[in-house]
Structure formats: structure tokens, C-alpha cells
Amino acid sequence: MPTSPVRVAVTGAAGQIGYQLLFRIASGGMLGPDQPVILQMLEIPPAMDALKGVVMELDDCAFPLLAGTVQSDDPNVAFKDADYALLVGSRPRGPGMERSDLLEANGAIFTVQGKALNDHASPDVKVLVVGNPANTNCLIAMNNAPDIPDEQFTAMTRLDHNRAMSQLAAKTGASVNDIKKMTIWGNHSATQYPDLFHCEVDGKNAAAQVDDQTWLEDDFIPTVQKRGAAIIAARGASSAASAASAALDHMRDWALGTPDGDWVSMAVPSDGSYGVPEGLLSSFPCTTADGKWSIVQGLDIDDFSRGRIDATVAELAEERDTVKDLGLIT
Ligand SMILES: NC(=O)c1ccc[n+]([C@@H]2O[C@H](COP(=O)([O-])OP(=O)(O)OC[C@H]3O[C@@H](n4cnc5c(N)ncnc54)[C@H](O)[C@@H]3O)[C@@H](O)[C@H]2O)c1
Ligand SMILES: O=C(O)C[C@H](O)C(=O)O
């Protein structure tokens, strides 16, 4: 029996990341080769012409899995009955900015979109926030969607996770396929903590195998933390293809499950695990099954990791207080 299509909403669809994302969703790169999709694309009025061009290109690909397209500048239309929502649309930072400098400019977008999701999306919608500052924008959207369970809101730290995998592979000479249990803790920002103490290379502890605390502290961690800025400096624009790829990885694993013996990094509403205050949108090691994520429990956190986790979580709490003061959350 043919599978019925699912509705995938993408905001900022005519932007850099949107252009890398839509074609891969339409060709099965997110939900697999048997799942037809209807793409529901949201843009702002000045970008509607550009979006028209993107849709012409989607049409021209004649993707067998693309069961329909919707273009709109109204979130109430773009999110109608959406099963998945990828919230990308928002301003990227430029050179010399931190992602949190975008809070005021971008935060308001996520109040409107949270309400529109609440009122129009499928009650089971899975939301991924990519637009920066992603964790706190997700907190804003979640707060403005009281009828949608909090656990359906997530933010993207999978790009950081993938960056950490590739740095570790280069250091150890292993293939990324041999690296398991990577974790990004905290905020998608320069305070995030990529953790090698629970990670494995070829089944052996990664930190022990690297056995080089100087490299870990002075090279690995800052390289992953500042990779976004390094790409902006080199490219003159923020990461797009790698960001889109990570968004697909995040949604695919959430929908289809993580393999046995591995986990992924997702920013999810904290339940208080690992001392992260309840409700903060913080990155954790997560497994997924049956379309639901769970935070991996029982990891030993040593003093070094504790300090790093506390620092990034403190930044998330500050961002939460800022958006509360701005009236974006209650
Ligand atoms: N979480 C991550 O790992 C990660 C990685 C890369 C980029 N990002 C962030 O993703 C966002 C998008 O990046 P980009 O490079 O695609 O930027 P871009 O400027 O190329 O595209 C953004 C698009 O969003 C649209 N837009 C703006 N406001 C909107 C709204 N209210 N509703 C719908 N669309 C709207 C714009 O018209 C534009 O087409 C930025 O905030 C960037 O910092 C996050
Ligand atoms: O760094 C940025 O501003 C873009 C993105 O969040 C990234 O990590 O590449």
C-alpha cells in the first residue's frame, strides 16, 4: 500500500540553509526512500519571489517523493497540519558577533511561530529550531505553544556533534564510522562542551586513547566551540550545507531511531538530568526510539566536565532571563 505523505514545514526556505535542505528532504534524505513529503515553505514577503524560483527548481527535479508544495508568508498557512517543522528562518550573525547578539532581532520571530504551531500544526509535530541563538529561540517557541507537549521542541547541536566527530577522527586517524557516543552539552554557542570522556573510538574510551589533555583543552574544545565563527571568517557567510546536513541527521534520527550502542546530541527541554535546571533547552546525549528521545542516564561526570557543563548551562539561564525581560516568554 502506498505510504501517505507527511507535511514538512521549513521556514527561511529561500535562504542559504533552505536551499541546501529542501532538495535533500524532497529526495528522501530525511525520512527515507519510501516516505513521500509535502513541503510547506515559509518566507517573508521580500523573499517570496526568490522562493518561487526555488520551487520552480524543486519542480524541475521531478522528485518521485515530492507529493506537493506550499509557499506562504503566513506561518498559519505554512504550519497547517505540519508533522515536522524545521525553523531555520532568522538572521545569521556576521563577523565579530556572538550568536546571542541575535536574541533581540530573532527572538520575536519565534513567539509568532510558536503560536502558529500551537494553533495549526499536527498535535504530534516534531519541531527543530536551527535559527540562532537556537536553544533560546526554541525555548521561546515552546513557551508560546502551550498545547504542544514540550518534548516535541528541540534545537540543533547536531552540527557541533558532527564537527566534534570529524575533529576526533582527524586526531586519531579513525574513521567517523568508528566513533560512537559523542556528546555536546549545553548551548549551541562558544560555551558548548564537546565531551570526549564518554565517547568511544573503536570501542575504547576516546579521552584515554587521545591521552593529551593539552590538545583536548587548547585545541579540540575551542575548535569545535568556534567552528561557526571560523567558517564565517573564511566563507564570508555562515555554514549552510553542513548545517542543512546536520538538520537532516537530527530529524532522521529522531523519527527513525538511533542505532544500538550509540547516541546523538540534541538540545531538548531539561528534566533536571545532570543538574541542568528543568525547562532549559540544553544539549544532552540522547537516544531515540518510536519517535521519542530520552536523555542518556547514569554517566559519571568528573570535575573537569562538571565545570564545563555548569558554564554553558549558566549562559543558557542568562539567555532565558534576557528573553523573559524582553517579554518573549512568561
Ligand atoms: N544551529 C545551528 O547549528 C546553525 C547552523 C548554521 C546556521 N544557523 C542559523 O540559521 C539561520 C539561517 O541561516 P541562513 O544562512 O540560512 O540565513 P539566510 O539569511 O541565508 O536565510 C535566512 C532566511 O530566513 C528568512 N526569514 C527571515 N525572517 C523570517 C521569518 N520571520 N519567517 C520566515 N523566514 C524568515 C529570510 O528571508 C532568509 O531567506 C541563522 O540564524 C543562522 O545563524 C544555525
Ligand atoms: O556560527 C554561526 O553563527 C552559524 C552556525 O550557528 C554555525 O555554528 O555554523
Side-chain angles (χ1 to χ4, degrees), residues 9-22 40-54 70-79 85-117 127-138 140-141 154-164 184 186-192 194 223-251 265-267 281 283:
V10 177
T11 75
Q16 281 204 93
I17 296 175
Y19 196 65
Q20 300 292 331
L21 194 52
L22 295 168
Q40 307 193 157
M41 292 160 276
L42 180 70
E43 259 299 346
I44 50 173
M48 289 308 284
D49 272 345
L51 182 58
K52 203 182 292 169
V54 173
V70 174
Q71 306 165 53
S72 183
D73 58 11
D74 179 353
N76 299 325
V77 174
F79 293 151
L86 291 85
L87 308 190
V88 178
S90 51
R91 226 180 93 191
R93 66 174 165 157
M97 292 171 76
E98 287 302 328
R99 297 180 186 96
S100 55
D101 296 335
L102 296 168
L103 255 188
E104 210 163 339
N106 287 341
I109 295 174
F110 293 86
T111 57
V112 176
Q113 294 187 359
K115 288 188 180 93
L117 284 164
V127 181
L128 168 63
V129 176
V130 174
N132 276 320
N135 300 53
T136 299
N137 286 339
C138 185
I140 296 170
T154 64
M156 189 163 95
T157 50
R158 185 59 176 269
L159 178 55
D160 311 294
H161 177 106
N162 289 347
R163 287 168 171 165
I184 304 293
N187 200 2
H188 173 61
S189 77
T191 66
Q192 67 179 272
T223 298
V224 176
Q225 289 174 328
K226 295 182 196 151
R227 187 69 162 185
I231 289 168
I232 292 169
R235 228 172 72 81
S238 70
S239 64
S242 56
S245 202
L248 293 171
D249 289 346
H250 177 115
M251 280 307 210
S265 303
M266 299 170 74
L281 245 297
S283 185

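Scope of the values below: all heavy atoms of this structure, side chains included, with no hydrogens, waters or symmetry mates. From a predicted model like this one, the values you see are computed outputs, not experimental measurements. For ligands, and for the atoms within them, numbers begin at 1 and follow the listed sequence.
Nearest-heavy-atom check against atom 6 (C) of ligand 1 across S242, A241, S239 picks out S239. Proximity annotation for atom 29 (C) of ligand 1: of I44, D160, L128, L51, I44 comes nearest, heavy atoms only. Evaluated by nearest non-hydrogen atom to atom 8 (O) of ligand 2, the leading choice among R227, Q225, K226, R99 is R99.
Contacts of I231 with ligand 2, taken as heavy-atom pairs under 4.0 Å, are absent altogether. Residue contacts with ligand 1, taken as heavy atom pairs separated by less than 4.0 Å, involve V130 via backbone and side-chain atoms alike. Within the 4.0 Å heavy-atom criterion, the part of Q113 lying near ligand 1 is the side chain and not the backbone. At a heavy-atom distance under 4.0 Å, only side-chain atoms of I232, from C-beta outward, approach ligand 2. Counting heavy atoms under 4.0 Å from ligand 1, residue S238 touches it through the side chain alone. Of the heavy atoms in L159, only side-chain atoms (C-beta onward) come closer than 4.0 Å to ligand 1. Contacts of H188 with ligand 1, taken as heavy-atom pairs under 4.0 Å, involve the side chain alone.
Nearest to atom 6 (O) of ligand 2 among the protein's heavy atoms is H188 NE2, 2.6 Å. Of all protein heavy atoms, the one closest to atom 3 (O) of ligand 2 is R93 NE, 2.5 Å. For atom 7 (C) of ligand 2, the closest non-hydrogen atom on the protein side is R163 NH2, 3.4 Å. Of the protein's non-hydrogen atoms, I17 N, 3.0 Å is the one closest to atom 16 (O) of ligand 1.
N137 and N106 share no side-chain donor-acceptor pair at under 3.5 Å.
The shortest N or O to N or O distance between S239 and ligand 2 is under 3.5 Å. For ligand 1, one of its N or O atoms has an N or O atom of Q16 under 3.5 Å away.
Heavy-atom contacts of S238 reach the following atoms of ligand 2: 4 (C) (cutoff under 4.0 Å).
Look at A240 and you'll find every heavy atom at least 4.0 Å from all atoms of ligand 1. In this structure, R99 has no heavy atom closer than 4.0 Å to ligand 1.
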